[in-house]
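Accompanying notes for the structure given below.
All heavy atoms count here, side chains included; hydrogens, waters and symmetry mates do not.
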Amino acid sequence: MDSWIEAFHSIAAVVEPLFDLAYDALWSLAAQRIYLLETAVALLAVSLYGAFRADRWADDNIKDATVEIPRAFLGPTVTLGGSFDRQQADIRNRARPLRQKAALSFLASLLAGVVVPTGMLIAATQYYSWLDPGAAHLLGSAGEPLSNPTWTQTLLFAGDQTFRGGVFDLMEVFDWTITPLDNNPANPAFTTGVFVHHLFIEAFIFSGVGLFALSLWRIRRLVRQTLANHRAKHEAAVAAKLAKTPA
């Protein structure tokens, strides 16, 4: 029995330092930075997928509108009498959920393509010195390197970069700024992150707003066309009935 215990202690004496070494390696500061970067990449990938899905949903909603709205009136037979107003109301009512879907798809695109990347930019700006100690990722108002911004500076910088991407080149053309802080081009890692942020904002502000506007315009146009067609066929049916009525 003592020999088994001694053998166990011998094995433990060899294995325990290996476990300690693995634990230290897996939870070291360098490893934590790698985990954080992997998480950031995964989050951006999920946001990209979510934004694309939202835009696809908006596009499908436009296609649904071309089917759902005219379906409210399956001419050419038009019922005479008081049901005409109900049919017209039914056509309008079919547009309401389509408009709601358009708004939800726009909000989803805004969340995935703008809000999440902006939140990541805020975190990266505020805690970059933890990722890359001693590296100045910002430039101050006088062009001096800055590595430890305050929360106010971080939020203003993130807002400035988001608006620069969101309104395309308008702020650069007119030299408008929210804050004098800027990214430090000498820091390629952070500058690349700011560039990726701009890409997200520009792409999904454009696609989200564009598809939302197109959805509303298409739905409104289909409603007007369907109402006009329904009214024309109703009037034709009324005229035909009157023509058959003896004088």
Does Ser109 use its side chain to pair, donor to acceptor, with the backbone of Ser105 at less than 3.5 Å? no
Quick check: closest heavy atoms across Val223 and Ala95, and the distance to 0.1 Å? CG2-CB, 3.5 Å
Taking all non-hydrogen atoms of both residues into account, name the closest pair between Ile122 and Ala158 and its distance. CG1-CB, 3.4 Å
Please report the closest heavy-atom contact between Gly113 and Ile201, naming both atoms and the distance. O-CD1, 3.8 Å
How close do Gln126 and Pro149 get, heavy atom to heavy atom, and via which atoms? NE2-O, 3.4 Å
Would you check if the side chain of Thr191 reaches a backbone N or O of Asn184 as a donor-acceptor pair within less than 3.5 Å? yes
Parallel, tilted or perpendicular: which describes the rings of Tyr128 and Phe190, with under 30° parallel and over 60° perpendicular? perpendicular
Cut-off 3.5 Å, side chains only: do His197 and Thr162 have a donor facing an acceptor? yes
Rounded at 0.5 Å granularity, tell me how far CG in Leu111 sits from OG1 in Thr118. 10.5 Å
If you round to the nearest 0.5 Å, how far is CG of Asn229 from CG of Leu222? 10.5 Å
Does any part of the side chain of Leu110, heavy atoms only, come nearer than 4.5 Å to the side chain of Phe204, both counted from C-beta? no
Could you give the distance from OG1 (Thr226) to CZ (Arg221), rounded to the nearest 0.5 Å? 10.5 Å
Once you round to the nearest 0.5 Å, how far does CE of Met120 lie from CZ of Phe200? 8.0 Å
Quick one: do Arg99 and Leu216 satisfy side-chain contact (heavy atoms from CB on, under 4.5 Å)? Show the steps, please. CA-CA 7 Å; Arg99 291 192 183 98; Leu216 296 182; 4.2 Å; yes
Value rounded to 0.5 Å, distance of CG in Leu138 from CG in Asn148: 9.5 Å
Go through the steps to decide whether Leu227 and Arg92 satisfy the test side-chain contact (heavy atoms from CB on, under 4.5 Å), and finish with yes or no. CA-CA 8 Å; Leu227 288 172; Arg92 295 188 182 93; 3.9 Å; yes
Is the shortest side-chain heavy-atom distance between Leu121 and Gln161 below 4.5 Å? yes
Ignoring hydrogens, what is the shortest heavy-atom contact between Leu139 and Pro185? Give both atom names and the distance. CD1-CD, 3.8 Å
Write down the atom of Ser129, the atom of Ser147, and the distance for their closest heavy-atom approach. CB-O, 3.7 Å
To the nearest 0.5 Å, what is the distance between CD1 on Ile219 and CZ on Arg94? 13.5 Å
